[in-house]
There are 4 protein chains.
Amino acid sequence: MSEAQREKHEAILDSAFEIFGKKGFYETKISDITEHAGIAKGTMYLYFKSKEELFLAVTRRDWEKFLRDLNFRIKHADGLMSKLQRVAEHHLEYYYERKEHGKIFFHAPNNDSELMRMMHGFLTRYMAAVKEVLEEAGMPDPDFYAKAFIGMLDRLKMDILFEGEFTRDEMALRVEQTVRLFLRGSEQELN
Amino acid sequence: MSEAQREKHEAILDSAFEIFGKKGFYETKISDITEHAGIAKGTMYLYFKSKEELFLAVTRRDWEKFLRDLNFRIKHADGLMSKLQRVAEHHLEYYYERKEHGKIFFHAPNNDSELMRMMHGFLTRYMAAVKEVLEEAGMPDPDFYAKAFIGMLDRLKMDILFEGEFTRDEMALRVEQTVRLFLRGSEQELN
Amino acid sequence: MSEAQREKHEAILDSAFEIFGKKGFYETKISDITEHAGIAKGTMYLYFKSKEELFLAVTRRDWEKFLRDLNFRIKHADGLMSKLQRVAEHHLEYYYERKEHGKIFFHAPNNDSELMRMMHGFLTRYMAAVKEVLEEAGMPDPDFYAKAFIGMLDRLKMDILFEGEFTRDEMALRVEQTVRLFLRGSEQELN
Amino acid sequence: MSEAQREKHEAILDSAFEIFGKKGFYETKISDITEHAGIAKGTMYLYFKSKEELFLAVTRRDWEKFLRDLNFRIKHADGLMSKLQRVAEHHLEYYYERKEHGKIFFHAPNNDSELMRMMHGFLTRYMAAVKEVLEEAGMPDPDFYAKAFIGMLDRLKMDILFEGEFTRDEMALRVEQTVRLFLRGSEQELN
DNA sequence: GATGAATGAGCATTCATTCAT
DNA sequence: CATGAATGAATGCTCATTCAT
């Protein structure tokens, strides 16, 4: 693949990310994507076999970046609390940056088993990264705790995606609170 | 509406719940639903204005029942821990019973703002119920804690929906662990 | 199927015969057929599963009638020569009536094995009918002779299909000549 | 046109003959042909104006060779029977060699009037050659007899194209039978 | 009220042809 | 001369919705 082709490949992915993110898989027309990318409809089919495959590629690229950045952040932090804070920041920032593309998280094609497999694979890798952090700190049942931690974070994404007024400062506060809750529990707050 | 009509109305909702749950909104045909319900295609339009509206009604009914049962359970429990356990049980059992209908949670119609509003309303009411429990116990920032608790629970639903081998006993264990984590934190586990 | 439906079914076949016959399979659009039939595009799909299947049905109907009429004519003739004349008349008249629909004989869908099987079946039944006539008269190697006779007839169809000026009288002449050639050979004509 | 170009021209025709023959006109893609020929898609358009024109050229080349060889064979035979045998051999051998390319005879482009004209021209020339043979022998109505003879031969091609087990020996037998039938008629076979 | 036949807008995908390199 | 990336017109088929019976 030439340089120009690599660029077009990326441009299609960018455009698809944009449109799929805004409208979801089913409400997006191939022509929406190609028009937005400034190319002809047929051109998309030179780079991707089908609408499904394009969606898959968009999702894969996005997740791979997520995991790459996550691992980078974890590696450059010290101690359990600090590492968990990096994870939380990364998780929330990820959604924060995708505020406008919330649809992509909810409306994948329904019966695409390859997509399901892929998503499962990513979730597993995400969890494994968190699990490793917990194991290092000597925490028992790290599977469960990793899931619970990610769950807390994921619920918070709803605020980000659906509440317009969420600021970066509030996000930082949420990160801190979440990590503290995870480590110390809520009971400490009671008198 | 006569009794016979009320029954048909329910039968359509039952059938729609079944099929939407298995295939998701977009992959479900009206004829799938009406055939499964044993009625003619046109009949559905006597009871619901459109496919979207039917989906909305299905979702609404399901959530209303969820909230009704939740409040009943909370009312009949005493003390913070006990109430939180009832919430956790209810949340997980809800998904457990809907194992086979996982699609309904992910594939709603994409651009239906009324649905978004409705879902937001239900989430708010769910959170309010949990929040009340926390407030009663004197917990500060109950908004945040409620979200985090629900988040932990929600993440666990993934195991239920995607792992075939999840048993009721494991579920009970998860409930206990989750409540303990929420109240005491994970650090207690470290030596 | 109701009476009205049976009529629509026939109307679609009639229209398809007309258009496929004029343009051939590939150059015919479903919308050509349905417009000509005065119905909506989707309606065709209530009666036939696909364009291929419609073509198959058109061809089958045409051939079945051909064989039905052929057998009727043969049954009502006496003696070898007379029966062969009926066959020849029938063969040529068939094409004569379809002058305007020549395309249907040449441009079937290419890779439809079911169509190939069907056509082979019809040819076999046609040949069997002629073969029976020859066997009755005590002719040896009737397979070969049946094929040769049909071949002579089939070649003459070209004149009908491609020469505008072919009259019914010329056709009658051809019938007589062909039967005489088949029975007596051409050498008799030499002095 | 240089030598190299002439070679490429031929190569494209060879490849087109191969692919058109196997799949028919409509199911053949230009890319099928150029890939098989080992050249780029655009190159084909340097040698032929369009897909139709390429098909025309392929057909023309094939038929010209057919007629050239036919006339050669006729010229080198003596007497009516011998000449007719050469014609029959040639006709059947032609199809025998094209067993695998049957599609080319049936699936020409549908609305190409130039192709129709060309085919008509070739048939006329074929018939003229046979007619000449018959005229030489003093046969009356040679037009009709020529058509009938070619018709018998043409019907036999079906056996070749559609029956896998047809051998060269059987072909020789068919040639003899056909010529005898043509000259003496079938009645001679009856007792 | 109930039916289900009919409608037709809508869309993914293909592929002959062009043209900049 | 040769290439092959890009184009975009063209079309089979689906399915939510309507409405005459």
Side-chain angles (χ1 to χ4, degrees), chain A residues 1-2 4-5 8-9 12 26-35 37-54, chain B residues 1-2 4-5 8 25-35 37-54 109, chain C residues 1-2 4-5 8-9 12 26-35 37-54, chain D residues 1-2 4-5 8 25-35 37-54 109:
Chain A
M1 214 183 328
S2 77
Q5 275 172 289
K8 194 158 292 191
H9 189 267
I12 295 172
Y26 289 97
E27 302 286 342
T28 295
K29 289 176 263 178
I30 290 298
S31 61
D32 292 339
I33 293 173
T34 53
E35 268 164 39
I39 59 173
K41 211 144 39 105
T43 306
M44 181 254 149
Y45 287 91
L46 296 177
Y47 292 85
F48 301 92
K49 236 176 44 218
S50 66
K51 192 184 176 186
E52 270 81 10
E53 192 138 303
L54 176 58
Chain B
M1 212 183 329
S2 77
Q5 277 173 55
K8 197 162 289 192
F25 180 78
Y26 289 98
E27 303 284 343
T28 294
K29 292 179 253 176
I30 290 296
S31 61
D32 291 340
I33 292 172
T34 53
E35 268 164 38
I39 58 172
K41 211 147 39 117
T43 306
M44 181 253 153
Y45 286 89
L46 298 175
Y47 292 84
F48 301 92
K49 225 173 57 212
S50 67
K51 191 186 178 187
E52 270 81 9
E53 190 136 305
L54 175 58
Chain C
M1 211 177 339
S2 75
Q5 274 171 294
K8 195 158 291 189
H9 189 267
I12 295 172
Y26 290 97
E27 303 285 343
T28 295
K29 289 176 265 178
I30 291 296
S31 61
D32 291 341
I33 293 172
T34 53
E35 268 164 38
I39 59 172
K41 210 147 38 105
T43 306
M44 182 252 149
Y45 287 92
L46 296 177
Y47 293 85
F48 302 92
K49 234 179 39 226
S50 67
K51 192 183 177 188
E52 269 82 9
E53 192 139 302
L54 175 58
Chain D
M1 212 182 329
S2 77
Q5 279 173 54
K8 195 161 290 192
F25 179 79
Y26 289 97
E27 304 285 343
T28 294
K29 292 178 255 178
I30 291 296
S31 61
D32 290 342
I33 293 173
T34 54
E35 267 164 39
I39 59 172
K41 211 146 41 115
T43 307
M44 181 254 153
Y45 286 89
L46 298 175
Y47 292 85
F48 302 91
K49 228 173 53 212
S50 67
K51 191 184 178 186
E52 269 81 10
E53 191 137 303
L54 175 59

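Residue B:Y47 places at least one side-chain N or O closer than 4.0 Å to OP1 or OP2 of E:dA2. Contact annotation: C:K8 side-chain N/O to E:dA6 OP1/OP2 distance is under 4.0 Å.
For the atom pair D:I33 CD1 and D:I39 CD1, the distance stands at 9.5 Å (nearest 0.5 Å). C:I30 CD1 to C:K51 NZ: the interatomic distance, rounded to the nearest 0.5 Å, is 6.0 Å. Atom OG of A:S31 sits about 12.0 Å away from atom CE of A:M44, to the nearest 0.5 Å.
Closest contact between the side chain of C:Q5 and the listed nucleotides E:dT3, E:dA5, F:dT7 involves E:dA5. The side chain of A:I30 approaches E:dA12 more closely than any other nucleotide in the set E:dA12, E:dA5, F:dG8. Of the candidate nucleotides F:dA6, F:dT18, E:dT17, E:dT17 has the atom lying nearest to any side-chain atom of D:Y45. In this structure, of E:dC11, F:dT17, F:dT14, it is F:dT17 that holds the atom nearest to the side chain of B:K51.
The nearest whole Å value for the distance from the CD atom in B:E53 to the P atom in F:dT17 is 10 Å. As a whole-Å value, the separation of C:K29 NZ from F:dA9 P is 14 Å. Rounded to an integer number of Å, the gap from D:E27 CD to E:dA16 C1' is 15 Å. The separation between C:E35 atom CD and E:dA9 atom P is 12 Å, rounded to whole Å. Rounded to whole angstrom, the span from the CD1 atom of B:I39 across to the C1' atom of E:dT3 amounts to 10 Å. When the P atom of E:dT14 is taken as reference, atom CG of D:D32 falls 13 Å away, rounded to whole Å. Summarising the geometry, the separation between NZ on A:K49 and P on E:dT13 is reported as 11 Å, rounded to the nearest angstrom. Nucleotide E:dA16 holds its C1' atom 16 Å from the OH atom of C:Y26, rounded to whole Å.
Looking at which nucleotide of DNA chain E each of A:S50 and D:S50 is closest to, the 5′-most match is held by A:S50. Mapping C:G38 and A:G42 onto DNA chain E by nearest heavy atom places C:G38 at the nucleotide closer to the 5' end. Where A:M44 and C:L46 meet DNA chain F, the nucleotide closest to each residue was compared, and A:M44 sits on the side nearer the 5' end. Along DNA chain F, the nucleotide nearest A:T43 and the nucleotide nearest B:S31 are compared for position; the residue whose nucleotide lies closer to the 5' end is A:T43.
A donor and an acceptor atom sit less than 3.5 Å apart, one in the side chain of D:K41 and one in the base of E:dT17.
Counted by atom type alone, A:E53 and A:S50 present zero donor-acceptor pairs between their side chains at under 3.5 Å.
Between C:L54 and C:I12 there is a side-chain heavy-atom pair separated by less than 4.5 Å.
Using the six-membered ring where Trp is involved, C:Y47 and C:H9 have ring planes that are tilted, between 30° and 60° apart.
As the counterpart of E:dC11, F:dG12 is assigned, both hydrogen-bonding distances of the Watson-Crick or G-U wobble pattern falling under 3.5 Å. Nucleotide F:dA20 forms a Watson-Crick or G-U wobble pair with E:dT3, both donor-acceptor distances falling under 3.5 Å.
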